[in-house]
Amino acid sequence: MQPGNEPSFRQSVDLMFNRAVALMDLPPGLEEKIRVCNATYKVRFGVRLRGQIETFVGYRSVHSEHMEPVKGGIRFSLGVNQDEVEALAALMTYKCALVEAPFGGSKGGLCVDPGQYDEHEMELITRRFAYELIKRDLINPSQNVPAPDMGTGEREMAWIADQYARMNTTDINARACVTGKPPHAGGIAGRVEATGRGVQYALQEYFRHPEDVAKSGLSGSLDGKRVIVQGLGNVGYHAASFLSAEDGCKITAIIERDGALVDERGLDVEAVHHWIAKHGGVTGYADATHVADGAKVLENDCDILIPAAMEGVINLTNAAKIKASLIIEAANGPVTAGADDVLREKGVVIIPDMFANGGGVTVSYFEWVKNLSHIRFGRMQRRQEEARHQLVVDELERLSASSGTGWTLSPDFKEKYLRGADELELVRSGLDDTMRAAYQSMREVWHSRDDVDDLRVSAYLVAIGRVAASYKAKGL
Ligand code: GLU
């Protein structure tokens, strides 16, 4: 939720859209057609729990159907409201266009605090919400495909998939009605960590371009960079974990609901994650300084700030005090339109949400394709690839032996080279390729146009251009 004196989340997304669209030359009316949310379905339904009927309010919003199915997560949170769901649906349209996932944009939400109910109760609530959406084709493999978001995960997606299958017993593609399912229920390897992995790939790609890195006043590689992560949920945890374990970043602060942990030497992400899972928050964690006013820590000195929790956390009340020179939006909409103006003015580089967190929907796309093709990625090729690599290795060893050079292939090389790619490796490769390609498309706009000086507008220009082209091709 944005602070009182700022535009709402949806208005904030519209303001960002308007800033970009003003630089485009779209046919009259098309701009408005793209901006507006096509439809938002609001449903109230009752579930009998603990001997009495409780009424829940849920939404599924479809922002743009220039491509179908439309795609986007379902959020479970007490903060869910129509404005938020519509803002998130719009961001899904632009995100899918930017990462070239062939979907329109949608989003769903249910006003519920999952912490208040046990597993069985949550299953009843989720299945009932899914029933309401399925019977109106708002969950459907060819029309609308949800996925996890805040407050939901593999468990909820498995219930939704099963609910759809029960209501559509002859649909051979039933499993493709939702993504983010667990592996044994039609999921894909690497989906849980996909958004965090995408944040890592996004940063790796940014740091491949020294001129871009210089724009944020930084230099060198990710190694040794001081990073603050806000929100150690699914996205923040995986991003922090990969960046610290694989890229040499130091996670100097982790901000959670009950305060922040700070340690300039770098926090042990796994230990903190463990602690939160056990104790429900960061309070009491002994190996770091605890700061009760967590939000204040967003203003601490660091190289990279990763807001990975929710919208509006960087707003007009704190934007001017942010010290990070590079912000990567792992959450959707963490920087308000007003804060965006302030930060751009200060020269802060913002890697925008629609790119930075596009890894989730990218791997969802792979899962949907897997479900429709009814076969795991790599199943046909893997052993054939290994056999061909074995041929090369045998031949190199034969040449080495017959020429008497004494060259040998190192065991490490052989081990890596001989192994055919499994599903997880293919998913990572596809995700990395997607993040690089999406960055390149934004970067080209950023560097080639004199009237563009930030990545967000660049991202919108690319995304809106693609959506517009798709509408034009339909004759609109
Ligand atoms: N909820 C995620 C997002 O905001 C994932 C959406 C999806 O996979 O469809 O991008």
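Note that the numbering runs from 1 along the sequence shown for the chain. When a ligand or atom number is given, it counts from 1 through the structure's own listing order. Keep in mind it's a predicted model, so treat the numbers as computed, not measured.
A distance-only check finds no donor-acceptor pair linking the side chain of H274 to the backbone of V269 [under 3.5 Å].
Taking the six-membered ring for Trp and the full ring otherwise, the centers of Y201 and Y439 sit at least 6.0 Å from each other. A ring-centre distance under 6.0 Å is not found for Y41 and Y59.
Looking only at protein heavy atoms, the nearest one to atom 8 (O) of ligand 1 is S364 OG, 2.6 Å. The shortest contact between atom 9 (O) of ligand 1 and any protein heavy atom is with K71 NZ, 2.9 Å. In terms of protein heavy atoms, atom 5 (C) of ligand 1 is closest to R191 NH2, 3.6 Å.
Short contacts between ligand 1 and N332, defined as distances under 4.0 Å to a heavy atom of the residue, involve ligand atoms 4 (O). Of all atoms in ligand 1, listed by their number and element, those nearer than 4.0 Å to a heavy atom of K107 are 1 (N), 3 (C), 4 (O). Short contacts between ligand 1 and V361, defined as distances under 4.0 Å to a heavy atom of the residue, involve ligand atoms 7 (C), 8 (O), 9 (O). Per-residue contacts place A147 under 4.0 angstrom from the following atoms of ligand 1 (heavy atoms of the residue considered): 6 (C), 7 (C), 8 (O), 9 (O). Near K95, meaning under 4.0 Å from any of its heavy atoms, are these atoms of ligand 1: 3 (C), 4 (O), 10 (O). Within the listing of ligand 1, atoms 8 (O) sit less than 4.0 angstrom from a heavy atom of G360. Which parts of ligand 1 touch G73 is read off a 4.0 Å heavy-atom cut-off, strictly below it: atoms 1 (N), 6 (C). Heavy-atom contacts of P148 reach the following atoms of ligand 1: 1 (N), 2 (C), 5 (C) (cutoff under 4.0 Å).
Heavy-atom distances between P146 and ligand 1 stay at or above 4.0 Å for every pair. In this structure, M150 does not count as a contact residue of ligand 1, since none of its heavy atoms falls inside 4.0 Å of the ligand. Within the structure, the closest approach of R75 to ligand 1 does not fall below 4.0 Å when heavy atoms are considered. Ligand 1 has no atom lying under 4.0 Å from any heavy atom of M157.
Contact annotation for V145 and ligand 1: no heavy atom of the residue comes within less than 4.0 Å of the ligand.
The number of heavy-atom neighbours closer than 6.0 Å to OH of Y365, taken from other residues, nucleotides and ligands shown, is 12 or below. Counting heavy-atom neighbours within 6.0 Å of K135 NZ, excluding the residue itself, gives a total above 12.
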Apply the test side-chain contact (heavy atoms from CB on, under 4.5 Å) to residues I375 and K370: give CA-CA distance (whole Å), side-chain angles for both, the deciding distance (0.1 Å), then the verdict. CA-CA 6 Å; I375 189 164; K370 174 187 177 179; over 6 Å; no
side-chain hydrogen bond (donor to acceptor under 3.5 Å, both in side chains) between E86 and Q82, intermediate numbers included: CA-CA 6 Å; E86 291 186 351; Q82 181 165 345; 3.0 Å; yes
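With values rounded to the nearest 0.5 angstrom, Q163 atom CD is found 10.0 Å from E132 atom CD.
Taking the centre and axis of the six-membered ring of W159, the NZ or CZ atom of K181 falls outside the cone set by 45° and 6.0 Å. For the pair R128 and F56, the cation-pi criterion (under 6.0 Å, within 45° of the ring axis) is not fulfilled.
In this structure, W368 and F103 have perpendicular ring planes: the angle between them is above 60°, well past the 30° mark.
Residue T179 has no nitrogen or oxygen atom sitting less than 3.5 Å from a nitrogen or oxygen atom of ligand 1, judged on distance alone.
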